[in-house]
Amino acid sequence: MAALPDGTYLIMNGAQQGFAGFGLATEPNLNAVLYDPSKPVNQRMSVMANTTIDRLYHNEAVLLPDGRVLVAGSDPEDVRFPQEYRVEVFIPPYLMGTRSATRPTFTIPSNNTDWSYGQTVTLNVQTNSTTAGVRVSLLGAVTSTHGNSMGQRTIFPAVSCSGDSCTVTAPPNAHVCPPGWFHLFVLDASGTPSVGQWVRIGGDPANLGSWPSGFSDFTTPGE
């Protein structure tokens, strides 16, 4: 299940019968389903496209910065099904037709991508019409393995717009938003997302970014 910028979720891969791993799954699921929690009960599931690749154990579905979903993984050692290493890209409905050509854009000052809790950040937003109805979503960086996306989290922070200027209020604390990296998306009134940009929220309390220095054979990541 991969979270998408508009608050929906893409459910795909796996099997219709059995358990993960050790050859205990049968009837590979080739169909993708979109789950929309904003719709009434019993109307939240929509059938999407099919794949031709069986993806059982170790399947992956990861959101890309452009709003598409990278689909990969399988268990080629399970020779009962045509599993393989090919990678696919799933295009959600919000990028179908002309919507991908009219997606919103935004800019954020290069020195304003490291947010404190409760901080207000101003974005310059360009849409196909006006900024009325603009939303912002923050999607946590994930590690996807064994059919699970650890760290997956979707947050819709408060946002207000005046003209092309939109002010976003960062989440209030670590209980709502654990410290880490989040993909920032701007969505227009129709729900079409921008290309995402990484921001860090809550700093680096564990000092994960404190790389060693002074070694001639080690290049600090990001340099």
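Note: hydrogens, waters and symmetry copies are ignored here, and every other heavy atom, side chains too, is used. Source: prediction; values computed, not measured.
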Asker: With the side chain counted from C-beta on, respond yes when Arg103 and Leu95 share a heavy-atom pair under 4.5 Å apart, and no when they do not.
Answerer: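 Yes, close enough: below the 4.5 Å cut-off.
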Asker: Table please: side-chain donor-acceptor pairs of residues 165-181 below 3.5 Å, with sequence neighbours left out.
Answerer:
unit_1 : atom_1 : unit_2 : atom_2 : d
Asn173 : OD1    : His175 : N      : 3.0
Asn173 : OD1    : Val176 : N      : 3.1

Asker: Should Leu139 and Phe185 be marked as a side chain to side chain contact (heavy atoms under 4.5 Å, CB included) after you check the CA-CA gap, both sets of side-chain angles, and the distance that decides it?
Answerer: CA-CA 8 Å; Leu139 278 80; Phe185 291 92; 4.1 Å; yes
Asker: Can you list the residues that meet the salt bridge (charged side-chain N to carboxylate O under 4.0 Å, His left out) rule with Asp36, with sequence neighbours excluded?
Answerer: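 Listed in chain order: nothing, the list is empty.
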Asker: Side-chain donor-acceptor pairs under 3.5 Å in residues 4-11, sequence neighbours left out?
Answerer:
unit_1 : atom_1 : unit_2 : atom_2 : d
Asp6   : OD1    : Thr8   : N      : 3.2
Asp6   : OD1    : Thr8   : OG1    : 2.6

Asker: Do Thr113 and Val199 have side chains that approach each other closer than 4.5 Å (heavy atoms only, starting at C-beta)?
Answerer: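 Of all side-chain heavy-atom pairs linking Val199 with Thr113, at least one is under 4.5 Å.
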Asker: Are any side-chain N or O atoms of Glu60 and backbone N or O atoms of Leu70, one a donor and one an acceptor, separated by less than 3.5 Å?
Answerer: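 Checked: no pair found.
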Asker: Taking everything shown except Phe156 itself, do over 12 heavy atoms lie less than 6.0 Å from its CZ?
Answerer: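 Enclosed: over 12 neighbouring heavy atoms sit under 6.0 Å from CZ of Phe156.
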Asker: Taking the side chain as every heavy atom from C-beta outward, state whether Met45 and Leu34 have any atom pair closer than 4.5 Å.
Answerer: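 Counting from C-beta outward, Met45 and Leu34 never come under 4.5 Å.
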Asker: Mind checking side-chain hydrogen bond (donor to acceptor under 3.5 Å, both in side chains) for Asn31 and listing every partner two or more places apart, or none if nothing turns up?
Answerer: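 So Asn31 forms a side-chain hydrogen bond (donor to acceptor under 3.5 Å, both in side chains) with Asn50.
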Asker: Which pairs pass disulfide (SG to SG under 2.5 Å) with one or both residues in residues 45-120, sequence neighbours excluded?
Answerer: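 For residues 45-120: none.
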Asker: Please check if the number of heavy atoms outside Trp198 that lie under 6.0 Å from its CH2 is greater than 12.
Answerer: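 More than 12 within 6.0 Å, yes.
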Asker: Got a sec, which residues hit ring-ring contact (aromatic ring centres under 6.0 Å, His included) with Phe182, two or more places apart in sequence or on another chain?
Answerer: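 None.
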Asker: Any side-chain heavy atom of Leu187 sitting closer than 4.5 Å to one from Thr192?
Answerer: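 Result no, sub-4.5 Å side-chain heavy-atom pair not found.
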Asker: Pairs of donor and acceptor atoms involving the side chains of residues 87-94, under 3.5 Å and at least two apart or interchain, shall be tabulated with distances.
Answerer:
unit_1 : atom_1 : unit_2 : atom_2 : d
Glu88  : OE1    : Thr51  : OG1    : 2.9
Glu88  : OE1    : Arg55  : NE     : 3.4
Glu88  : OE1    : Arg55  : NH2    : 3.1
Glu88  : OE2    : Thr51  : OG1    : 2.8
Tyr94  : OH     : Gly67  : O      : 2.7

Asker: Taking only residues two or more places apart in sequence, or in another chain, which ones meet Asp66 in a salt bridge (charged side-chain N to carboxylate O under 4.0 Å, His left out)?
Answerer: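 Only Arg68 meet the salt bridge (charged side-chain N to carboxylate O under 4.0 Å, His left out) criterion with Asp66.
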Asker: Look at the side chain of Gln152 and the backbone N and O of Thr143, then say whether any donor-acceptor pair between them is shorter than 3.5 Å.
Answerer: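 Answer holds: no.
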Asker: Using a 3.5 Å distance criterion without hydrogens, assess whether the side chain of Asn128 forms a donor-acceptor pair with backbone atoms of Thr102.
Answerer: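 Here the side-chain-to-backbone pair does not exist.
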Asker: Tracing side-chain links under 4.5 Å among I, L, V, M, F, W and Y, which residues wind up in one group with Val62?
Answerer: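 Traced through the cluster, Val62 reaches Val142.
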Asker: Which residues pass the side-chain contact (heavy atoms from CB on, under 4.5 Å) test with Gln43, not counting sequence neighbours?
Answerer: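 Listed in chain order: Pro40.
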Asker: Sequence neighbours excluded, which residues qualify as side-chain hydrogen bond (donor to acceptor under 3.5 Å, both in side chains) partners of Thr120?
Answerer: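 With neighbours one apart ignored, the set is empty.
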Asker: Does Arg153 reach the side chain of Leu138, with side-chain heavy atoms less than 4.5 Å apart?
Answerer: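 In short, these two side chains do not touch, never coming nearer than 4.5 Å.
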Asker: Could you tell me if the side chain of Val33 sits less than 4.5 Å from the side chain of Met48, heavy atoms only?
Answerer: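 They are not in contact (no side-chain heavy atoms under 4.5 Å apart), so the answer is no.
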Asker: Side-chain contact, heavy-atom cut-off 4.5 Å: Ile53 with Pro82?
Answerer: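 Side-chain contact under 4.5 Å: no.
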Asker: With sequence neighbours left out, what residues match Val121 under side-chain contact (heavy atoms from CB on, under 4.5 Å)?
Answerer: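 Partners of Val121 under the side-chain contact (heavy atoms from CB on, under 4.5 Å) test: Ile108, Asn112, Trp115, Gln119, Leu123.
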